[in-house]
A.B. asks: 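My structure is below; once you've seen it, I'll send some questions.
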2 protein chains.
Amino acid sequence: MTQLGPAEDDPAEEAEPVKLGRRRDHTRDPDILAAAVDVLAECGYDGMTIDMVASRAKAGKATLYRRWPSKGELVIDAVACMKNGDLNLSQLPDTGTLRGDLIAMIKPHSIEDGEKKLRVIAGLMSLLAHSPELAETARLSVVEPRVTAHRFLLRRAIERGEISPTSDVDNLATVTTAMASMRVLFERKPVNRDFLISLIDGVILPAVGLGAGSGADPGSGSAPEAPPAADPAVTAH
Amino acid sequence: MTQLGPAEDDPAEEAEPVKLGRRRDHTRDPDILAAAVDVLAECGYDGMTIDMVASRAKAGKATLYRRWPSKGELVIDAVACMKNGDLNLSQLPDTGTLRGDLIAMIKPHSIEDGEKKLRVIAGLMSLLAHSPELAETARLSVVEPRVTAHRFLLRRAIERGEISPTSDVDNLATVTTAMASMRVLFERKPVNRDFLISLIDGVILPAVGLGAGSGADPGSGSAPEAPPAADPAVTAH
DNA sequence: TATATACGATACTGTGGAGTTCCGGATCTT
DNA sequence: AAGATCCGGAACTCCACAGTATCGTATATA
């Protein structure tokens, strides 16, 4: 419904000229939505109270209800405003090799961001079953951008001739996000760099025929940074 | 804490001889726990009320509180009693090939069972962050048996010499469960036979060097049942 | 049959939180 | 300065649900 952003005016809402005293500000929206996301990540939907969000945003409870008709609507907006910024296809890494691209996508900020978003989703997962709208919003905000990014990198590797065009792009593009979700939600272990590299070298690359020999070091070592053996176009290092 | 089962007596509880009228029956426990699991799968932890469980089990609310001190304890027992039966390692399929074993694990009952258990976990996922005990119980009941089964099949394929001993067994054993979870919880699509086969032929087998040529049919076709090309020991068909 | 217990049903209490209302102060417009 | 509106704070109502208590009944022992 509502989109975040510093300030964005929907002209349809300004139809009738309001020129009295102060105009409709709703200038607290970003703070409130950010507070809602924080509380959701920590307490989940049912553990979150309107008072928590209000006090964390240093706002009055009435202010929230002036802006959103119910707790549910607020949460929908909060989830929607999590839609990722740092994953637009136009500025994904382009190192010349699939492995280089995948490694380059491992950024501490992105990992931390992803873990928090997963915790938010975990907090309202019981609602997703009964609210298709919220479920779709959550998917579009959290998993879809990451899967799309991976799919883009895989497709480019195919066009480059680096990997086979019969590779199962759709499934492979989802593997990393699925494994990270499993790790955060069920195993409660952090998604660190070593884990992601073990996925790349132990699952993704072998599955597209780029395995080092075949398969890889069963990821537990400290720094399995060594690139695979056979490589059609190694540009870096 | 409490384990399910048709009837199992903890001798420690029978210490003092109770020989009056009727003995401690608790004969309704299985019905109540099953009802709790059902309600959890449909409504989640916060959506579930004690009255729902009681009425679905055709029991009185007081009966539940005679047996469990609180809603939380009941839920812990309900989750614990979901621990799988049909996945003990001693009777996993043994077809002679990894692909045959993986395909043989696709059983409608097992899929349906798994989806329901995932829905239960989804319903109390927001609690897992604050209750390590419940989180571990859930993991042991739902994901651990499946991952262990896959790990067993992969290790056997290594011993058999069918796949490379450097295969990333731990990650690959988790892939199917992780992808199925993603599909059920986020994408809200059913885990059907075609999807699981596309995982086997598009991710697992290629990753261990058993891909058909390399990669497989990007799973959308109706019956991609054709086994891969090179195969060291084909016994079936 | 007499006794004691476990059970189902139902009424009850207490509490936490959603949503509402009101008010004083701050801020912008004119 | 005067007017109008938004905000933060705090009090309030209302309700759903956890947990308790009571009672009649069914069932098993003796």
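Everything quoted here is computed from the prediction, not taken from an experiment. In what follows, chains are A, B, ... by sequence order, proteins preceding strands, each numbered from 1.
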A.B. asks: I want to verify a distance call: between C:dC7, C:dT20, C:dC23, whose nearest atom is closest to the B:Arg66 side chain?
C.D. replies: C:dC7
A.B. asks: So which heavy atom on B:Val203 is nearest to which on A:Val203, and how close?
C.D. replies: CG1-CG1, 4.1 Å
A.B. asks: In whole angstrom, give the distance that lies between atom CD of B:Glu73 and atom P of D:dG19.
C.D. replies: 10 Å
A.B. asks: Testing the basics here: between B:Pro93 and B:Arg156, what is the closest heavy-atom pair and its distance to 0.1 Å?
C.D. replies: O-NH2, 2.7 Å
A.B. asks: Whole-Å distance between D:dC17 P and B:Met52 CE?
C.D. replies: 6 Å
A.B. asks: Can you tell me the distance, in whole Å, between the NZ atom of B:Lys58 and the P atom of C:dT10?
C.D. replies: 14 Å
A.B. asks: Counting any heavy atom closer than 4.0 Å, what does A:Met48 reach on the DNA or RNA strands: base, sugar-phosphate only, or nothing?
C.D. replies: sugar-phosphate
A.B. asks: What is the distance from OH of A:Tyr65 to C1' of C:dC22, rounded to the nearest Å?
C.D. replies: 17 Å
A.B. asks: Return the 5'-most residue of the pair A:Ser55, B:Gly47 with respect to DNA chain D, ranking by each residue's nearest nucleotide.
C.D. replies: A:Ser55
A.B. asks: Is it the case that C:dG8 (base atoms only) and B:Lys61 (side chain only) share a donor and an acceptor within less than 3.5 Å, ignoring hydrogens and angles?
C.D. replies: no
A.B. asks: Classify the nucleic acid contact of B:Ala62 as base, sugar-phosphate or nothing, counting any heavy atom under 4.0 Å across all strands shown.
C.D. replies: base
A.B. asks: With the side chain of A:Ser70 defined as its heavy atoms from C-beta on, choose the nearest nucleotide among C:dG19, D:dT20, C:dC7.
C.D. replies: C:dG19
A.B. asks: Any donor-acceptor pair under 3.5 Å joining the side chain of A:Lys71 to the base of C:dG19?
C.D. replies: no
A.B. asks: Would you say a side-chain N or O of A:Thr63 is under 4.0 Å from OP1 or OP2 of D:dC7?
C.D. replies: no
A.B. asks: Examine distances only and state if a side-chain atom of A:Ser198 and a backbone atom of A:Phe195 form a donor-acceptor pair shorter than 3.5 Å.
C.D. replies: yes
A.B. asks: Grab the CH2-P distance between B:Trp68 and D:dA18 for me, whole Å please.
C.D. replies: 15 Å
A.B. asks: Could you tell me the separation between the CZ atom of B:Arg67 and the P atom of D:dG19, rounded to a whole number of Å?
C.D. replies: 16 Å
A.B. asks: Please answer whether the main-chain N or O of A:Val191 pairs with a side-chain N or O of A:Glu115 as donor and acceptor at a distance below 3.5 Å.
C.D. replies: yes
A.B. asks: In whole Å, what is the span from the CD1 atom of A:Ile50 to the C1' atom of D:dA10?
C.D. replies: 16 Å
A.B. asks: For residues B:Ala36 and B:Ala78, report the shortest heavy-atom separation together with the two atoms involved.
C.D. replies: CB-CB, 3.9 Å
A.B. asks: Specify the separation, in whole Å, of atom CZ of B:Arg56 and atom C1' of C:dG8.
C.D. replies: 18 Å
